[in-house]
> 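My questions all concern the structure below.
All of these numbers come straight from a predicted model, not from anything done at the bench. Below, chain A is the first sequence line, B the second, and so on; all start at residue 1.
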Number of protein chains: 2
Amino acid sequence: MQQYNDKKFVKSALKVLRSAGHRITRPRRLVLEALGSREAPMSPYDLQKLLQEGDEHLDVVTIYRVLELLQELNLVHKVLSVGGYVRCRLEDGNGCHGYLVCRSCGRLQEFSDESLCRKEDELAARLGFHAEHHLSEFSGLCAGCQV
Amino acid sequence: MQQYNDKKFVKSALKVLRSAGHRITRPRRLVLEALGSREAPMSPYDLQKLLQEGDEHLDVVTIYRVLELLQELNLVHKVLSVGGYVRCRLEDGNGCHGYLVCRSCGRLQEFSDESLCRKEDELAARLGFHAEHHLSEFSGLCAGCQV
DNA sequence: CTTTCTGCAAAAGGTTTGCAGTTAG
DNA sequence: CTAACTGCAAACCTTTTGCAGAAAG
């Protein structure tokens, strides 16, 4: 397959799959490779099309099921503001994961910031709310797309 | 119609509609009343069902179109994490609007916090990103649902 | 009256489910 | 070999589009 890079992601993801008792299959490997090759979120149909270009056919139903599994294992995230999936790029840290989505090139940058989480919890608490999870997705321009 | 309260919201929303050059119609009034009566986000189909209970029938297509318009006018927000719409409860302030969604009762509380926005911008800037909009939706337990 | 808006029909998308056959280990 | 997984067909749900008729102002 062409420019599917980031072997490291695929390799470690496969290990996670294995050790969680799941099988290594062609569809799972292909979806991981496709996700590893792109920085912008992709929908199940995007993934299917991308794979098709490499002459690899997967049923979109299979892609849905693979993504569901990968999400459970925290290997990929669903990005609500753009309706697509990206591979997780953070070593499991502390706070919730947030996303910066470039409105120009579509590229996504993931972050995790404990102090932001703390501030969010405090803000919620001030309103009588006990926050358990923070969804943070910011849109704007990435470094490369600013003039 | 039964418990559709918060007349104030409906009244001022109708005024906004009017002054933006839109007509006051039965569907628009009904959707506003329904949204005004609930604190949890509702989908177009939820709204249709709720209205049906009051023996008011609206085509779901109409509801979609009304919601689209109300969203443009910033009278309602779409909450991505739960896939529904809520009426806006904030006087137009400064920062982006965020949401606290109770995972137990579904109720939503809206907030706008300038210092959170500032922190979010700074965090993004540190990553070379120029943030223009912040999506913040936190889930947890509201005051009433904590033990 | 005229333009905007709604309802209906239908299409277009996206997502889920069931089941028979395939494949990983 | 056997349990887990995939592909296909079909159902289901959500959202969009086009158009003729209704209604707001």
> Apply salt bridge (Lys or Arg N to Asp or Glu O under 4.0 Å) to A:Arg107 and list each qualifying residue two or more places apart in sequence or on a separate chain.
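In terms of salt bridge (Lys or Arg N to Asp or Glu O under 4.0 Å), with neighbours along the sequence ignored, A:Arg107 is linked to A:Glu39.
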> Verify the ring-centre separation between A:Phe111 and A:Phe138: is it less than 6.0 angstrom?
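Yes; A:Phe111 has its ring centre under 6.0 Å from that of A:Phe138.
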> How many whole angstroms separate atom CZ of B:Arg29 from atom P of D:dA24?
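After rounding, the reported distance stands at 9 Å.
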> Is there side-chain contact between A:Leu123 and A:Arg126, with at least one heavy-atom pair below 4.5 Å?
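The answer is yes; the side chains approach within 4.5 Å.
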> Take atom OH of A:Tyr64 and atom P of D:dG7, then tell me their distance rounded to the nearest Å.
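Whole-Å distance recorded here is 15 Å.
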> Round to the nearest Å and state the distance from B:Ile63 atom CD1 to D:dT14 atom C1'.
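After rounding, the reported distance stands at 13 Å.
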> Name the first nucleotide and the last nucleotide along DNA chain C (5' to 3') that come under 4.0 Å of a heavy atom in chain A.
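So the contact region on DNA chain C extends C:dG14 to C:dG25.
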> What is the separation between atom CZ on B:Arg28 and atom P on D:dA23, rounded to the nearest whole Å?
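Roughly 15 Å, once rounded to whole Å.
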> Quick one: B:Glu68 CD to D:dT14 C1', roughly how many Å, whole number?
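Rounding to the nearest Å, CD of B:Glu68 and C1' of D:dT14 are 15 Å apart.
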> In terms of side-chain heavy atoms of A:Arg23, which of D:dT14, D:dT17, D:dA3 is nearest?
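In terms of side-chain proximity for A:Arg23, the closest of D:dT14, D:dT17, D:dA3 is D:dA3.
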> Using the closest heavy atom to pick a nucleotide of DNA chain D for each, name whichever of B:Arg65 or B:Thr25 lands nearer the 5' end.
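Nearer the 5' end of the strand: B:Arg65.
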> Would you mind reading off the distance between B:Asp59 atom CG and D:dC19 atom P, rounded to a whole angstrom?
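Taking atom P of D:dC19 as the reference, CG of B:Asp59 is at 17 Å.
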> Please report the distance, rounded to the nearest Å, between CZ in B:Arg26 and P in D:dG25.
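Atom-to-atom, B:Arg26 to D:dG25, this comes out as 15 Å.
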> So, do B:His134 and A:Glu137 sit near enough that their side-chain heavy atoms are less than 4.5 Å apart?
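They are not in contact (no side-chain heavy atoms under 4.5 Å apart), so the answer is no.
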> Rounded to the nearest 0.5 Å, how far apart are CG of A:Leu50 and CD of A:Glu33?
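These two atoms lie 10.5 Å from each other.
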> Does A:His22 have a side-chain nitrogen or oxygen under 4.0 Å from the phosphate oxygens OP1 or OP2 of D:dC5?
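Checking D:dC5 against A:His22, a side-chain N or O does come within under 4.0 Å of OP1 or OP2.
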> What about B:Leu47 and B:Leu69, same hydrophobic cluster or not, with Ile/Leu/Val/Met/Phe/Trp/Tyr joined at side-chain heavy-atom distances under 4.5 Å?
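Both belong to a single hydrophobic cluster.
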> Taking the nucleotide of DNA chain C with the nearest heavy atom to each, does B:Val61 or B:Pro27 sit closer to the 5' end?
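Residue closer to the 5' terminus by nearest nucleotide: B:Pro27.
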> Partners of B:Arg23 by salt bridge (Lys or Arg N to Asp or Glu O under 4.0 Å), sequence neighbours excluded?
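For B:Arg23, no residue satisfies salt bridge (Lys or Arg N to Asp or Glu O under 4.0 Å) once neighbours in sequence are set aside.
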> Rounded to whole Å, please give me the gap between CD1 in A:Ile24 and C1' in D:dA3.
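Rounded to whole Å, this separation is 16 Å.
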